[in-house]
Amino acid sequence: MPELPEVEVVRRGLADHVVGRTITQALLTGERVARRHEAGPADLMARVEGATVLAVDRRGKYLWLVLDPPDDDPHALVVHLGMSGQLLVQDADAPREKHLHACFDFADDGPQLRFVDQRTFGGLALTPLHEDRYGVPLAAQDDPAGHLHGIPEPVLHIAPDPLEPAFDAAGVARRMKAKGVAIKRLLLDQTVVSGIGNIYADEALWRAQVHGLRPASALTKPALGRLLGHASEVMTEALGQGGTSFDALYVNVNGASGYFDRALAVYGQDGLPCPRCGSTVRREQFMNRSSHFCPRCQVRPRGSSPSGSSVSPVSPVSSRSSTRRP
DNA sequence: AGTCAAACCTGTTTGC
DNA sequence: TGCAAACAGGTTTGAC
């Protein structure tokens, strides 16, 4: 479940279902799921045994279980869902998923935590926590339980996401303004701002009426600030709908889908009318991925092919075409 | 340094 | 109908 709202849905599910529980056994299948864990899957399995889950934190698309291990050396179990990863809370006797790669049992004999991943771009790693470069304190004073927070090693290079207190929109806008690269590239660059993927990049650009190929330096700082505001807003709205899912691959810890796909303006809507002006939404390849945009609301920068002089005015419409999902 | 394509995978949809 | 190609929410790597 890739982008920020979907990962946050999972984080909340884990906070409800695994915090406070003690792991009695971990079972990882194959080498690949722990390929980012230097010491290998056997080491990971051995070291989480007996650990209690203190909290579940997230930055961008990364999430991690803060562990209180028996040897008192604070660590986090970092999870990235990749393109198709799922964390599921399942009864121990529930059938084994086809792409199950990791399974955690708890001392209370309650439901298991399972990591299921069809495409195996996701994975698990056990790493120490570090002081944040961006302002999250290693020991969170405002945590009533006194739990250790901070940022795990594989997440240190990731910038804050728009939904966390450490996010500095003006600072990000300033950094973007200094670059001559396409604005969509920066929205997707997790070291500039994290959590935004292909869906919410396209939706934020549409809301801001900016074409993704526009050089960031050609936008004003206020315009960049507005774009980041739209990104934050669209992801908050998606979170309120349980995230975006087109199929059963993107589900919460209970296996349920979110509903934000019904509210998408451009992503996956090629050939359908723009909800704002009625022009036909286009899909084009740029940056090696599909980009969806309204050719009228989002003016292509000069010089980018195909030459964009063929945009004809279309009278505004007040409601969506019937070809859209009702 | 910055940009691009390829690589990592499996499954589904689309096109001939 | 069958088969192949294209495509999918992400990140990292290495080659220019």
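Naming convention: chains lettered A, B, ... in sequence-line order (proteins, then strands); numbering from 1 in each chain. All values below come from the heavy atoms of this structure, side chains included, with hydrogens, waters and symmetry mates left out.
In terms of phosphate contacts, Gln190(A) brings a side-chain nitrogen or oxygen within less than 4.0 Å of OP1 or OP2 of dT11(C). Phosphate contact (OP1/OP2 of dG11(B), side-chain N/O of Lys98(A), threshold under 4.0 Å): present. Phosphate proximity of dT10(B) to Thr120(A): absent, as no side-chain N or O sits under 4.0 Å from OP1 or OP2. Between Asn288(A) and dA5(B) there is a side-chain polar atom (N or O) within less than 4.0 angstrom of OP1 or OP2. Look at Arg185(A) and you won't find any side-chain N or O under 4.0 angstrom from OP1 or OP2 of dG2(B). For dT12(C), one of the phosphate oxygens OP1 or OP2 lies less than 4.0 angstrom from a side-chain nitrogen or oxygen of His157(A).
Between the side chain of Arg289(A) and the base of dA8(C) there is no donor-acceptor pair of N/O atoms closer than 3.5 Å.
Here the nucleotide nearest the side chain of Arg283(A), chosen from dT11(C), dA8(C), dG11(B), is dA8(C). Closest approach to the Pro2(A) side chain among dG11(B), dA8(C), dG10(C) is made by dG10(C) (side chain taken as heavy atoms from C-beta onward). For Glu3(A), taking side-chain heavy atoms from C-beta onward, the closest of the listed nucleotides dG2(B), dA8(C), dG10(C) is dG10(C).
Counted by atom type alone, Ser290(A) and Gln285(A) present one or more donor-acceptor pairs between their side chains at under 3.5 Å.
Using cut-offs of 30° and 60° for the angle between ring planes, the Tyr62(A) and His80(A) rings count as perpendicular.
Residue-nucleotide stacking is not present for Phe121(A) and dC9(B), judged by a side-chain ring centre under 5.5 Å from the six-membered base ring centre and planes under 30° apart.
Residues Asp161(A) and Arg58(A) are paired through a salt bridge, judged by an N-O separation under 4.0 Å between the basic side chain and the carboxylate. A salt bridge is absent between Arg36(A) and Glu153(A); no separation between the charged side-chain nitrogens and carboxylate oxygens falls under 4.0 Å. Between Asp71(A) and Arg47(A) there is no salt bridge, since none of the side-chain N atoms of the basic residue sits less than 4.0 Å from a carboxylate O of the acidic one.
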State the dot-bracket string of DNA chain B. Criteria: Watson-Crick or G-U wobble, both atom distances under 3.5 angstrom; notation: ( ) intrastrand, [ ] crossing earlier pairs, | interstrand, . unpaired.
-> .|||||||.|||||||
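Atoms CG (Leu156(A)) and C1' (dT12(C)) sit 17 Å apart, rounded to a whole Å. The NE2-P distance, from His80(A) to dT12(C), rounds to 7 Å in whole Å. Going from atom CD of Gln118(A) over to atom C1' of dT13(B) covers 13 Å, rounded to whole Å. Between Tyr267(A) atom OH and dG10(C) atom P there is a gap of 7 Å when expressed in whole angstrom units.
Residues Phe286(A) and His211(A) bring their aromatic ring centres within 6.0 Å.
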